[in-house]
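One structure below.
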Amino acid sequence: MERRKFLQGTAAIAGSAFLTAPGSMTPAGAKGREDGFLVLEARPGEAKLRGVDKLPTKIWSYQGMSPGPEIRVKQDELVKVRLVNKLPQPTTIHWHGLRSDNAMDGVPGLTQKPVPPGASFDYVFRAPDAGTFWYHSHERTWEQVARGLYGALIVEEKTSPGFDRDLLMVIDDWRLDNDGQIHEESLGHMGEMSHGGRLGNWPTVNGQYRPAYTVGKNERLRLRLVNCCNARTLNLILGNWKASVIAIDGQPATHIGATRKLITLASAQRVDLDINVEGSPGETVFLDEVSQDFPVPLTSLNIAEGEAKLPHRREPINLPPNPLPDALPLDNVERYEMVMEGGAMGGMRNATYKGENMDIRQLVGAGQVWAFNGQVGMTEKPLFDVKKGQTVIVDLINRTAWPHPMHMHGHHFKVVRRNDKPVNDAPWRDTELVRRNEKVSIAFVADNPGKWALHCHILSHAASGMFTWFNVSA
Ligand code: C2O
Ligand code: CU
């Protein structure tokens, strides 16, 4: 009861009177198929982000919707997606977290040419790891992802782990203006670029404002959470439910344990939770985001009579391992440093941009405010060049005043040291939040040949300097 009153309070703050908005997705998005390809048409569309009874928001979409169609494949299955560009800009698709073929990684200027308006590109790759992944545009991401060009990619285990229900929540925070349209002035805004990035003001789950879901009493629930926000690190609380983390960034994770508390998901990160649905039919549990002064409810889970197949268990379900080594070979390691500099209150004086040394005034003039090792954005030479199979440690050293979710393409890594103290049992990740003044040492086996991007996943940071690459030679 109290909870309901509180909710109405926050709904009023957000300028809206309703609590749930079922079915706000534009229904135009039937999945197209062509020569065995799933067709993803990148095109302008409309979404009822604010609710069914409100004017829709003009977005950029895949197949008319945001999130785009959920792509579900089996582990090791061949994925065939045809991107058809009906946008007014070039675009590509990147398969975030997939340790797949470099030529299919979707990074314009590094692994492929951007796909111009009117053209198409066929992505064909295998998904080696079962887990929760996502896809998004990798061209002008700070604009294209902000306008809605992303979706979930679920790779199913070869044998079902046996949950009663598999629920996916793709979370975004849109920045809408007073008319409920994409806030244009803040796209590429220098002030936000040099601070924490472009934060949204309108949270959605699966493209809907505060949708309601039904779960069955005593059910064993697999909840997959994906943070698609441009910049926001989500701090999530799921009522007082006990949730066990069973996968992180698409990789099974044990030793993490159960929590009734905060789940922190930086931009681009994912988590899979194993939940025993606690409570009686008629009760409702809320997923709240608590990074601001007051909790913002994102969605509600209504408990109904259920027919749980599994007995209530205390032990979390162990997902089958993906083909990653249990332990990293740390005897013959190459070590590289990545010093992150710049941004507001960072005191960066100068850096090299496109081969030219520039002072901060010139850099700001060029729309660039961040640097890795004194280099702004893409360089001709990679940050490092290693042979296939080499174990690599990268020391991510944050000398800025801001946290940065650092994302490595084509590989998963483990944090092995934080501020020079050893970290044991870290999960495999593809995106790690490096907080201000932190030094985070990540280790991985460079087993995937090609040119791989390494960048901050605050998308306006990536566009203003925090973007580099490394090379793995065959
Ligand atoms: Cu999710 Cu290089 O991106
Ligand atoms: Cu950043």
Side-chain angles (χ1 to χ4, degrees), residues 67-68 91-100 102 104-112 114 132-146 149-153 170-172 192-199 226-233 249-250 265-270 338-346 348 368-372 376-378 383 396-413 429-438 440 448 450-470:
T91 193
T92 64
I93 298 179
H94 168 58
W95 313 93
H96 184 115
L98 251 74
R99 302 185 302 127
S100 196
N102 187 249
M104 296 291 130
D105 201 43
V107 180
L110 194 65
T111 69
Q112 72 168 97
T132 305
F133 300 91
W134 64 301
Y135 61 94
H136 59 80
S137 153
H138 218 285
E139 174 76 357
R140 288 172 70 89
T141 54
W142 49 275
E143 174 177 11
Q144 295 194 1
V145 177
L149 288 169
Y150 59 82
L153 170 59
V170 176
I171 305 169
D172 192 6
E192 306 203 344
M193 254 181 193
S194 60
H195 290 71
R198 182 175 177 272
L199 295 172
V226 186
N227 183 349
C228 294
C229 299
N230 279 222
R232 187 184 298 280
T233 292
D249 290 357
L265 269 194
S267 191
Q269 291 182 332
R270 289 90 62 210
M338 179 195 262
V339 178
M340 303 140 90
E341 293 172 295
M345 296 165 281
M348 184 169 79
Q368 301 295 319
V369 285
W370 305 93
F372 293 147
V376 175
M378 283 302 275
L383 182 75
L396 304 167
I397 301 167
N398 186 350
R399 297 215 182 113
T400 78
W402 304 91
H404 303 286
M406 293 298 300
H407 170 46
M408 178 181 283
H409 282 220
H411 299 78
H412 277 68
F413 56 79
R429 297 215 79 123
D430 59 49
T431 307
E432 171 73 14
L433 188 63
V434 184
R435 297 183 161 86
R436 60 179 297 185
N437 295 325
E438 242 182 10
V440 178
N448 200 353
K451 299 171 171 183
W452 300 105
L454 176 57
H455 63 90
C456 178
H457 222 285
I458 291 179
L459 301 174
S460 54
H461 289 182
S464 55
M466 301 197 109
F467 198 108
T468 190
W469 65 291
F470 62 97

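Remember, it's 1-based here, ligands and their atoms both numbered in the order they're listed. These numbers come from the heavy atoms of this one structure, side chains and all, not from hydrogens, waters or symmetry mates. Since the structure is predicted, the reported quantities are computational estimates derived from the model, not experimental observations.
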Which atom, counting only N, O or S, brings H457 closest to atom 1 (Cu) of ligand 1?
NE2
Taking both backbone and side-chain atoms into account, decide whether H455 has an N/O/S atom under 2.8 Å from atom 2 (Cu) of ligand 1.
yes
Between H455 and M466, is there a donor-acceptor pair closer than 3.5 Å when you use the side chain of the first and the backbone of the second?
no
Do you know which two heavy atoms are closest between D430 and D249, and how far apart they sit?
N-OD2, 3.0 Å
Quick check: of its N, O or S atoms, which one does H404 have closest to the Cu ion (ligand 2)?
ND1
When you draw lines from atom 1 (Cu) of ligand 1 to NE2 of H136 and to ND1 of H96, what angle lies between them, to the nearest 10°?
120°
Regarding H138, does it place an N, O or S atom less than 2.8 Å from atom 2 (Cu) of ligand 1?
yes
So, W402 side chain and A344 main chain: donor-acceptor pair closer than 3.5 Å or not?
yes
Is the distance from atom 2 (Cu) of ligand 1 to the nearest N/O/S atom of H409 under 2.8 Å?
yes
How long is the gap from CH2 on W95 to OG on S100, to the nearest 0.5 Å?
10.0 Å
Distance, nearest 0.5 Å, that separates NE2 of H457 from CG of L459:
6.0 Å
Interatomic distance, CD@Q269 vs CG@L433, rounded to 0.5 Å, equals 6.5 Å
H457 near the Cu ion (ligand 2): N/O/S under 2.8 Å
no
